[in-house]
Asks: 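Below is the structure I would like to discuss, written out as structure tokens.
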Amino acid sequence: MLDQIHLLAAVTVLGVMEQAYFFLQVIYARRAFGISPPKTSGPPEFERVFRAQVNSSEYFPIFLALLWQAGLFFHQGLAAALGLLYLCGRYCYFMGYRASSSERLAPIYFSTGVLWILVAASALGISHFFLSHYVGLNVLRLLAA
């Protein structure tokens, strides 16, 4: 069974490490700008780092759920590759937002597009499972015929 989920697990660990990196960047920004918790406002440079981290954290559970659903029900390799693309997009988003609020736009559109592909793969995989398991209709076999 582990050979069916090892890529998903590796991408999950990379995602957690990326989130930890974003958390650390907020800590460093707090120190650099003298912003003590629980304050969340300050110079624009701090607020951009803080918002980039919070936005990334808000999307992380959605990403993980879609990654695992697409990997288990559709294809592990494709889901893992899409997961890596998403993580790269999120990193570019974070770095872009940190530099300027306008620099976040292209990476957020890219990573959102990757999430929609994961939604589609998840929906297709789960639909195929239900149709074949409960209705006895194997769509893949019908398409191949």
Side-chain angles (χ1 to χ4, degrees), residues 1-33 35 37-134 137-144:
M1 178 176 144
L2 292 179
D3 61 332
Q4 297 172 351
I5 62 169
H6 66 286
L7 296 175
L8 302 175
V11 172
T12 299
V13 169
L14 285 174
V16 169
M17 290 171 58
E18 182 178 69
Q19 289 297 307
Y21 173 76
F22 295 161
F23 292 143
L24 287 173
Q25 294 307 301
V26 172
I27 291 170
Y28 299 147
R30 283 187 180 281
R31 289 179 184 157
F33 296 107
I35 310 290
K39 286 186 181 178
T40 59
S41 61
E45 295 83 7
F46 168 76
E47 289 183 7
R48 287 195 308 266
V49 171
F50 181 77
R51 287 302 318 153
Q53 181 269 318
V54 170
N55 292 348
S56 296
S57 294
E58 290 170 347
Y59 274 85
F60 195 62
I62 296 167
F63 162 67
L64 285 180
L66 292 172
L67 172 74
W68 281 85
Q69 288 175 21
L72 293 174
F73 288 98
F74 192 78
H75 190 275
Q76 178 189 203
L78 176 66
L82 289 169
L84 290 175
L85 286 175
Y86 176 82
L87 294 177
C88 287
R90 269 294 158 175
Y91 180 79
C92 291
Y93 165 80
F94 186 90
M95 292 302 164
Y97 203 170
R98 184 165 134 176
S100 162
S101 61
S102 63
E103 294 293 317
R104 78 190 195 287
L105 296 176
I108 194 66
Y109 294 146
F110 175 78
S111 58
T112 301
V114 173
L115 282 180
W116 279 111
I117 296 169
L118 284 170
V119 166
S122 298
L124 286 172
I126 292 169
S127 297
H128 176 270
F129 175 80
F130 279 115
L131 287 173
S132 63
H133 197 80
Y134 294 108
L137 179 65
N138 191 330
V139 177
L140 295 177
R141 206 174 298 151
L142 290 174
L143 291 175

Asks: Distance from H128 atom NE2 to H133 atom NE2, nearest 0.5 Å?
Replies: 12.5 Å
Asks: Look at the aromatic rings of F22 and Y91 and report parallel, tilted or perpendicular, splitting at 30° and 60°.
Replies: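 Parallel: the ring planes of F22 and Y91 meet at under 30°.
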Asks: For G89 and F110, work out which heavy atoms get closest and say how close.
Replies: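 Taking G89 first and F110 second, the nearest heavy atoms are CA-CD2, 4.0 Å.
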Asks: Check whether the side chains of S56 and Q19 place a donor and an acceptor atom closer than 3.5 Å, and report yes or no.
Replies: no
Asks: Which pair of heavy atoms, one from Q25 and one from R98, lies closest together, and at what distance?
Replies: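 Q25 and R98 have their closest heavy atoms at OE1-NH1, 2.8 Å.
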Asks: So which atom in N138 and which in S132 form the shortest heavy-atom distance, rounded to 0.1 Å?
Replies: CA-CB, 4.4 Å
Asks: Begin with the C-alpha distance, continue with both residues' side-chain angles, and end with the deciding distance and a verdict on side-chain contact (heavy atoms from CB on, under 4.5 Å) for R104 and F94.
Replies: CA-CA 7 Å; R104 78 190 195 287; F94 186 90; over 6 Å; no
Asks: Hydrogens and angles aside, do S122 and W68 bring a side-chain donor and acceptor to less than 3.5 Å of each other?
Replies: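 Side-chain D/A pair, S122 to W68: absent.
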Asks: Say you draw a straight line from CD of Q53 to CZ of R48; how long is it, rounded to the nearest 0.5 Å?
Replies: 15.5 Å
Asks: How long is the gap from OG on S102 to OH on Y97, to the nearest 0.5 Å?
Replies: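 Result: 10.5 Å between the selected atoms.
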Asks: With heavy-atom distances below 4.5 Å as the criterion, would you say the side chains of R90 and I108 are in contact?
Replies: yes
Asks: Between F23 and S57, does the side-chain contact (heavy atoms from CB on, under 4.5 Å) criterion hold? Intermediate values first, please.
Replies: CA-CA 9 Å; F23 292 143; S57 294; 3.5 Å; yes
Asks: Supply the atom-to-atom distance Y21 OH to L24 CG, rounded to the nearest 0.5 angstrom.
Replies: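 Atom-to-atom, Y21:OH and L24:CG are 9.0 Å apart.
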Asks: Using a cut-off of 6.0 Å, state whether more than 12 heavy atoms not belonging to M95 lie near its atom CE.
Replies: yes
Asks: Please round to the nearest 0.5 Å and tell me the distance separating atom CD1 of I117 and atom CG of L66.
Replies: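 Answer rounded to 0.5 Å: 12.0 Å.
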Asks: Looking at E47 and T40, would you say the former's side chain and the latter's main chain have a donor-acceptor pair under 3.5 Å?
Replies: no
Asks: Let me confirm one number: the CG-CG distance from L84 to L14, rounded to the nearest 0.5 Å.
Replies: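 L84 CG to L14 CG: 6.5 Å, rounded to 0.5 Å.
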Asks: Among all residues two or more places apart in sequence or in another chain, which pass the side chain to side chain contact (heavy atoms under 4.5 Å, CB included) test with F63?
Replies: V11, F60, L67, Y86, L87, L115, L118
Asks: Using the side-chain contact (heavy atoms from CB on, under 4.5 Å) rule, take R30 and V49 through it: C-alpha gap first, then chi angles, then the decisive distance, then the call.
Replies: CA-CA 10 Å; R30 283 187 180 281; V49 171; over 6 Å; no
Asks: Minimum heavy-atom separation for L8 to A79, with atom names?
Replies: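 Heavy-atom minimum between the residues: CD2-CB, 3.9 Å.
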Asks: Just by distance, with hydrogens left out, do N55 and Y93 show a side-chain donor and acceptor under 3.5 Å apart?
Replies: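 The criterion, which ignores hydrogens and geometry beyond distance, is satisfied for Y93 and N55.
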Asks: Check for a donor-acceptor pair, side chain of Q76 on one end and backbone N or O of G71 on the other, with a separation under 3.5 Å.
Replies: no
Asks: More than 12 heavy atoms of other residues, nucleotides or ligands under 6.0 Å from CZ of F130: yes or no?
Replies: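 It does not: F130 CZ has 12 such atoms or fewer within range.
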